[in-house]
Amino acid sequence: MHGARTNGTSSTVSADTNGTTPGPISINKIPKSLDREMDGKFDKMAIKSTNRVRSIDAAGISLVNGSVEDSGGLGRGKRKVRRVPIKESSGSEDSDAPLNKRRRTSNGIKKENGVKQESSSDDDVPLAKKSAAKRRNVPSPTVKREKKPPALLAGDSSDSDIPLAAVKLAKDKQRTEQKAVKTAKEIRAEENKSATAAGTKRKSVGNANTSEPAKKAGKAPPKKANGVKKEESSDDDVPLAKRRKNVVQKPVESTKKAAAGKKSKDVDTKPVAAKGKGKAKEETPAEADEEEEEEYKWWENQAETDGTQKWTTLTHNGVLFPPPYELLPKHVKMKYTGVEVTLPLEAEEVAGFFGAMLDTQHASNAIFVENFFKDFQTILKQHGGAKGPDGKNISIQSFQKCDFKPMYEYFEEKKAEKKALGTVGRKALKVEKDKAEEKYLYCYLDGRKEKVGNFRVEPPGLFRGRGEHPKTGMVKARVQPEQVTINIGKEATVPAPPPGHKWADVIHDNTVTWLATWKENINGNIKYVMLAATSSLKGMSDFKKFEKARELKKHIDRIREDYARDLKSELMADRQRATAMYLIDKLALRAGNEKNDDEADTVGCCSLRYEHITLEPPNIVVFDFLGKDSIRFYQKTPVIPQVFKNLKIFKKAPKTRGDMIFDRLDTTQLNKHLQNYMPGLSAKVFRTYNASWTMQEQLDEILNQGTIHEKYAAYNLANKKVAILCNHQRTVSTTHETMMQRQEDKIKGLRYQKLRLKRMILSLEPNRKKKNPAFFKPDPEIDDEEWIKEHQVSLIEQERDRITKKFEKENEKLRENREKELKDKELKERLQVIKEMEAEFKAENKTGKIEPKRGATVEKLEGQIQKIEERIKKQETEAQVREDNKTVALGTSKINYIDPRLTVMFCKKYDVPIEKIFAKTLRDKFKWAIESADEDWKF
DNA sequence: CTTTTGTATTCAGGCAAATGCGC
DNA sequence: CGCGCATTTGCCTGAATACAAAA
């Protein structure tokens, strides 16, 4: 985004008493009169906004038109936020004084636009960067959830329809008309576009699915597993209640635990792996056994954990460094002003980073390029500079004059070489690599072997900050052992640093879970080597996360009642907090911590600014902003009147673009407030809670009928609702459009085939038409003669192609065998059929009749028609799902938000193999859930 | 019908970007 | 009270697979 931005932190502000301590812009207490005022009429702002947003799609989708002001995120700038301690009770001394506003001001990356001090005069200066183009349509995430506090959630009852409807995607046409915010994703998408090319046909998709089974069809185990359970039900759940020994309780009743454990063992079977293609059918329990000692089932054994100490003993082998850089072959050189230059190793490496990215959009991103080039120059200078062929120094001054093409081409060559190796060669390489990594794969935590996650030190490269990250493109430096701190048990042997090096430090801190750490040079962030998601440490905390969310169930009613009440509080801070809670609860917004100017300008609930919300009377709120990862959050949703009114108040002048909506609130305060309800409660818990809650609700609506595949599709639909709620998106693949087109053509082709079959029937029995006119009615989808003709042409071409190819192939083979090749005459003869086809089509077009093949009967033809109809239907649903899901990412919610026990419950209850839904890694990660939940489990 | 082939989809890993809490 | 630290969340990518059409 870009677009308007505000400059100036304070210009319009007068009361900045000491000049450095800004304060909230809003008044402390909300007078009754203001409340009343906001009740009635709608102010200018609201009306104005109406003009800017228009509702287009009948389905309820509304699109923001292109006006710059609507852009969600404005220019970034220094955010001068000050937080004044406000004693709410102290009354309203500061009531009207428009204190300094909290706003995001501009500073546009490089040019600091001087005048920041001026008021809003240049609010609208668009950033130089890319202007808006098309925007993606974001489906409205609202998902109906239980009517806990009935009146409270506007979307729950009557209103819910709107957003729900909005879930439907708009038509492409409309899509392209719109313009507006360009999200990071879109930018990326565009970039790829260029690199794309051919496509192909094939349909599929939709079902997103299905995998594994095909080959090892066997795999019945899971089924069996379910059958079993059902011992005493006792599980009215509430595992919480059934605490066992110590502090923490187990996920499920202990009783069935043992049984459960056993069962699921067969269930899990060795997933796939199946290195050979296809047929590996090992998978027997026997194999499971060979799997070394039995693993630690922490979930059956919850004792410890006071929370702070994470381990007692810890042994590991440290980290794996990337291989040192090796100079490129002599003939591969970057050019400057057309002349090959020799770079010092360090600089060549950096140039290579860029050279390898020439075909990405980064290479044409001005900020990226600028940051890269600056760092490149610095590094070059540090290492002696570039030399010309004559050995003389060459000063690299201009990016424009640099030509990285030779490097790019070299890398491409390398890639091709690798590809040419074939599966065999690559496998060998992989074995080698695996061997080098072997020792790092596992560590021993409290004596148990646990998998390590990211033991590889991140290699150097160019920083790929997402969205409009000010630092994107900077050189991410190589990490030296001297920067790496090792955390390991006191008793353990400290892994040796690479020869000639030493560690920054070696510590023995058992209150943290990391094995190694270092500081990254771009943002100064700290990186860690931690255990894999399948480890007990991660598993336990995941479990706790979900238990915490379930615990929230007990408090949610009260919390909702409270914030409903506080929506009317006369204290601004309380009212803002209540309003924020409403949004977090209803829309699953993230908390919205403050960010710095050297990060991309993205927001969450608490950091929403004036321009991110538009109010449309009577109670529609349009959210349009960039959230985490610069993913656009665009939603038009009704809210309860009090919230609408509050937002109006929070946007009231003098607040304007750049100012915080919740200027009396921040995440710390919000979370502190939440702690009062329940220890450990924070804003993010609401996301988990609402996601899992929604999933439970959705799953409950699924009927236990149909094929496994259908049930799986139903699950995915539920999953999708959650993903939409959480605004989890993905970029539409660059090939999406072509694939859709192709599929459409294919469907039409099928329809044409159907038409021909019907015509054949009529040739056999002309009187059928009278008997069943409906059946022979022309298909409206392909009544276009033009199209039919084109299609016929392409069919003929295809056939010709096929015959020719086959001919050539045969010849090739003959040649190999040193036999005589076929003559061209042979080919000609074979191509005779083409002539026949043409004639046939011609006749068909003229008379509308087709001679059936020999031996055809009406019955046979009808059978074929039926088959084709099935295929058409299948293709159509597939196409629909593909289109509907193109921007929705299901994975994130599956991995992070949906309590895995829900999935396990679903699978057991409906006899769907867990493998269908949880891939190998997820099955490992969620082993605790698989072994502890049964078909009656409830979130 | 089975095998082959070529592509689309899924998986698993990578690392950036959030949250949240305590010093 | 702002920052540092630890941990969770999230999108994307390259490699591995599955799938459907062709042979």
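Hydrogens, waters and symmetry mates are skipped; everything else that's a heavy atom, side chains included, is used. A, B, ... follow the sequence lines: proteins, then strands. Residue 1 opens every chain.
Computed from coordinates, the A/W518 CH2 to C/dA6 C1' distance equals 14 Å when rounded to whole Å. Distance, A/R923 CZ to B/dT10 P: 16 Å, rounded to whole Å. Atom pair A/L890:CG and C/dT9:C1' shows a separation of 16 Å (rounding to whole Å applied). Rounded to an integer number of Å, the gap from CD of A/Q741 to P of B/dT7 is 19 Å. If you measure from atom NZ of A/K538 to atom P of C/dA6, you get 12 Å, rounded to the nearest angstrom. A/M530 has its CE atom 17 Å from the P atom of B/dG13, to the nearest Å. Rounded to whole Å, atom C1' of C/dG14 lies 11 Å from atom NZ of A/K433. Put simply, CD on A/E799 is 13 Å from C1' on C/dA23, counting in whole angstrom units.
Here A/K310 does not reach the OP1 or OP2 of C/dA6: none of its side-chain N or O atoms lies under 4.0 Å away. For the OP1/OP2 pair of C/dG10 and a distance below 4.0 Å, the side-chain nitrogens and oxygens of A/Y897 include at least one atom meeting the criterion.
Comparing C/dA21, B/dA16, C/dT8 against the side chain of A/K527 picks out B/dA16 as the nearest. Listed candidates were C/dT8, C/dC11, C/dA6. Nearest to the side chain of A/H728 is C/dC11. Proximity note for A/T892 (side chain, C-beta onward) versus C/dA6, B/dA8, C/dG10: the nearest is C/dG10.
Legend: residues meeting salt bridge (Lys or Arg N to Asp or Glu O under 4.0 Å) with A/K538, ordered by chain and number and at least two apart, are absent.
Counted within 6.0 Å of NZ on A/K451, heavy atoms from surrounding residues, nucleotides or ligands total 12 or fewer; the atom is thus considered open.
Residue order along DNA chain B, read from the 5' end via each residue's closest nucleotide, puts A/I917 first among A/I917 and A/G453. In this structure, A/I895 and A/D509 both approach DNA chain C, and ranking their closest nucleotides by distance from the 5' end singles out A/D509. Mapping A/V457 and A/S733 onto DNA chain B by nearest heavy atom places A/S733 at the nucleotide closer to the 5' end.
Backbone-only engagement by A/K476 is indicated by non-hydrogen atom pairs under 4.0 Å involving sugar-phosphate atoms exclusively. Across all strands, A/T517 comes closer than 4.0 Å to no nucleic acid atom at all (heavy-atom distances). Among the heavy atoms of the strands lying under 4.0 Å from A/K874 are primed sugar atoms or P, OP1, OP2 only; no base atom is included.
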Generate the contact string for nucleotides 17-23 of chain B. Rules: B means base contact, S means sugar-phosphate contact only, - means no protein heavy atom under 4.0 Å.
BSBBS--

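Under the 30°/60° scheme for interplanar angles, the aromatic rings of A/F543 and A/W928 are found to stand perpendicular. Ring geometry for A/Y712 versus A/H709: interplanar angle of 30 to 60°, hence tilted.
Judged by distance alone, the side chain of A/E450 and the main-chain N or O of A/S536 form a donor-acceptor pair under 3.5 Å.
Both the sub-6.0 Å distance and the 45° axial angle are not jointly satisfied by A/K476 relative to the ring of A/F463.
Remark: A/K874 NZ to A/T877 OG1 distance equals 8.5 Å, nearest 0.5 Å. The distance from the CG atom of A/D505 to the CD1 atom of A/I507 is 6.5 Å, given to the nearest 0.5 Å.
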